[in-house]
Protein chains: 2
Amino acid sequence: MTKKSALDTEDSATDAAARAGWLYYVGGLTQDQIAAELGVSRQRAQRLVSKAMSEGLIHVRLEHRIAACLALEAGLKRRYGLRLVRVAPAQGPGTDPTHALAPVAAEVMERFLRQPDPLIIALGTGRALRAMAEELPKMTCEQHKLISLVGNIAPDGTASNYDVLMRVADTVRAPHYPMPLPVIIDDEEIRRMFYALPQLKIVARLADQADVTFVGVGHMTESAPLYIDGFISARDLHEQRAMGAVGEVATWCYDSEGRYLEDGLARRVGGLRAGGKPGGEVIGIASGPEKVIPLRAALKGGLLNGLVTGEETAEALLADPE
Amino acid sequence: MTKKSALDTEDSATDAAARAGWLYYVGGLTQDQIAAELGVSRQRAQRLVSKAMSEGLIHVRLEHRIAACLALEAGLKRRYGLRLVRVAPAQGPGTDPTHALAPVAAEVMERFLRQPDPLIIALGTGRALRAMAEELPKMTCEQHKLISLVGNIAPDGTASNYDVLMRVADTVRAPHYPMPLPVIIDDEEIRRMFYALPQLKIVARLADQADVTFVGVGHMTESAPLYIDGFISARDLHEQRAMGAVGEVATWCYDSEGRYLEDGLARRVGGLRAGGKPGGEVIGIASGPEKVIPLRAALKGGLLNGLVTGEETAEALLADPE
DNA sequence: AAGATGTCTGAGCATATGCCCATAAGTCGA
DNA sequence: TCGACTTATGGGCATATGCTCAGACATCTT
């Protein structure tokens, strides 16, 4: 009757494991106490507790609204091989997704800013980053360097409304390196001239060494922020879309596989691509239904290795099969 | 005073605690890793994990029925003709038996709450039910009606500390019907007046139709909860004991045969007896050495047809010869 | 403004935990 | 029955954890 006895021992072993797990996780006893209670050695108690957990007898649940967000974070990390993911809880329908994102994004950035070691922090632009900047607390970060990836001169010649760099640098009191050029430079000669400027080379070199980069992610539908804000023309938009553009990061468009497009508009962009030093973090900050396609592409192509997004967006990013 | 009501205020500290608790209990990370992940010190991570636990964010459940407990359940079912019995594994000496019971009781109640068909659920009071309420997961049960069998006004005029109904209704988001009267009403005239209130009649009618009733079981020794909590006087206690009282369910005392006492204190009780509709379930939730006698009497008298108790108590209930 | 009060933080330490390894106890085939 | 192999057991140790305590910080009071 080896079979029956095997079953018996298996059952009683599982029973003992369950009992030990109950005492440990529910009762809060120490393994010594469990050993005494069950009349076994401490090591055996430890093994039973471990077995209870590994066999899934113990089910742990987190009773909090961010529990779902944490699960989404884990899913996104695994699926896209990301290093840092934060998912902001949904704030109910009708609320601006960017607004919900800002405090969470600010928290992420604050963590970098609080590092005592000097960091090079590169910044893109856009509404999400602007909102993040508003949520940053006042602090003093003389040790870091903030640099901008995008030009700070809007098409009309004024400083851009969404100049994130200045706002952040002002709030956190850090040395900062703006990019003194237009977002889009139509004349190739002038563009080359800009790029030859010494201070721009400094910024470019810093950007290449960035420890962490924060960028927004733009969509390329008819309501593309680049177009709405007048940085590119309808014709540019259609051209890029025809070339397969589904999103842009720091004005650089990419296709559905997350590959940067090298022709057309890309030849007129004033600014740098997100990247930073090898092993540096590139964190995308974006949320909303229109961001799902651009985000998925950017993540697939490895343009980002970090993400701050909203609950619904995260769900959408994980919804479709691999 | 930044005293926060634990229910609605969900501050960032609790968010962080939830995050840490998730990483620790679900993710299985060490506190050092959590500290790194969250960018805080190890001590802070430890405090966050501890806070997640103490605030009841973490719920642990055992997904395995231990054979010994199953045997006790079967024994109790047969001996007392019960319909539903759950026996929680022992938690070792020195631990509060009520606390050990709570997760199991919550599981039982959760099963009713998950019914899609509308149910009328009646609730008593007491420490065991209160502890059960703490273990309930957040859910939405608009279809059910929760009613209280006991008054919610303590002798000192405040709402009772153990107001189970509100806590449960708040956690599971169900319509609820409290009993707006004192637990004990000394003046007979006033008592009649209370009972004549229309809303009380509504509650009484609902209680009579209850599909399931959850009640604690009180003992009537010198440490009777009714007495300890100041609902009845020492004189009341001794009077009832002299009349044969060995236990009480929802403030209604009964003798060793499980027959309700109709005189004395019973004339001053504000509240309803556990019963519900014909065929409805009346589930007692109680554990501990002092509960053995009251439980045996209640089961013998058929005051309950369901039971959630602890292993030792179950053993004691089955120990003596029929 | 100064002091008092209460809360938060990080260092240090005693204890609990997890894991490796040598040894004991089975288990199976010849 | 023996020997080889697998599985379980407890000792010991490195590490993780929980807790205490003194100092920092902020808030409130006089």
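For clarity, every value in this text was computed on a predicted model and none was experimentally measured. Each chain gets a letter, A, B and so on, in the order its sequence line appears, and its residues count up from 1.
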**Study point:** Atom-pair distance (CD on A:Q33; C1' on C:dA16), nearest Å
**Key:** 11 Å

Revision key, fill the gap. In whole angstroms, the gap separating P of D:dA16 from CZ of B:R42 amounts to 9 Å

Review point. Are OP1 or OP2 of D:dT17 and a side-chain N or O of B:T30 less than 4.0 angstrom apart?
Key: yes

Review point. With a 3.5 Å cut-off and no angle check, do the side chains of B:H64 and A:D15 form a donor-acceptor pair?
Key: yes

Practice item. Report yes if at least one side-chain N or O of B:Q46 is closer than 4.0 Å to OP1 or OP2 of D:dG18; otherwise report no. Key: yes

Practice item. In whole angstrom, give the distance that lies between atom CG of A:D32 and atom C1' of D:dG10. Key: 13 Å

Point to revise | Least distance between heavy atoms, B:A286 atom then B:L295 atom | key: O-CD1, 3.9 Å

Review point. How about A:H99: does its NE2 atom have over 12 heavy atoms from other parts shown lying under 6.0 Å from it?
Key: no

**Study point:** Enclosure of B:Y227 OH (heavy-atom neighbours >12, cutoff 6.0 Å)
**Key:** no

Review point. B:Y25 OH to D:dA16 C1': how many Å, rounded?
Key: 13 Å

Exercise for review: Give a yes/no on whether any side-chain N or O of B:S41 is located under 4.0 angstrom from OP1 or OP2 of C:dT9.
Suggested key: no

Check your understanding: With a 4.0 Å cut-off on heavy atoms, is A:Q43 in touch with a base, just the backbone sugar-phosphate, or nothing at all?
Key -> base

Review point. For B:V40 and A:L29, take the nucleotide of DNA chain C holding the closest heavy atom to each; which residue's nucleotide lies nearer the 5' end?
Key: B:V40

Point to revise | Euclidean distance, atom CD1 of residue A:I34 to atom P of C:dA16 [Å, nearest integer] | key: 12 Å

Review point. Taking A:T171 for the side chain and A:R167 for the main chain, is one N or O donor matched with an acceptor at less than 3.5 Å?
Key: yes

Review point. Hey, does the side chain of A:Y24 come within less than 4.0 Å of C:dA16's phosphate (OP1/OP2), counting only N and O?
Key: no

Practice item. Could you state the atom-to-atom distance from CD of A:Q31 to C1' of D:dG11 in whole Å? Key: 16 Å

Check your understanding: Between A:K51 (NZ) and C:dG18 (P), how many Å, whole number?
Key -> 16 Å

Review point. Which nucleotide, D:dG18, C:dT9, C:dC19, lies nearest any side-chain atom of B:R47?
Key: C:dT9

Review point. Whole Å only: how far is the CE atom of B:M53 from the P atom of D:dT17?
Key: 14 Å

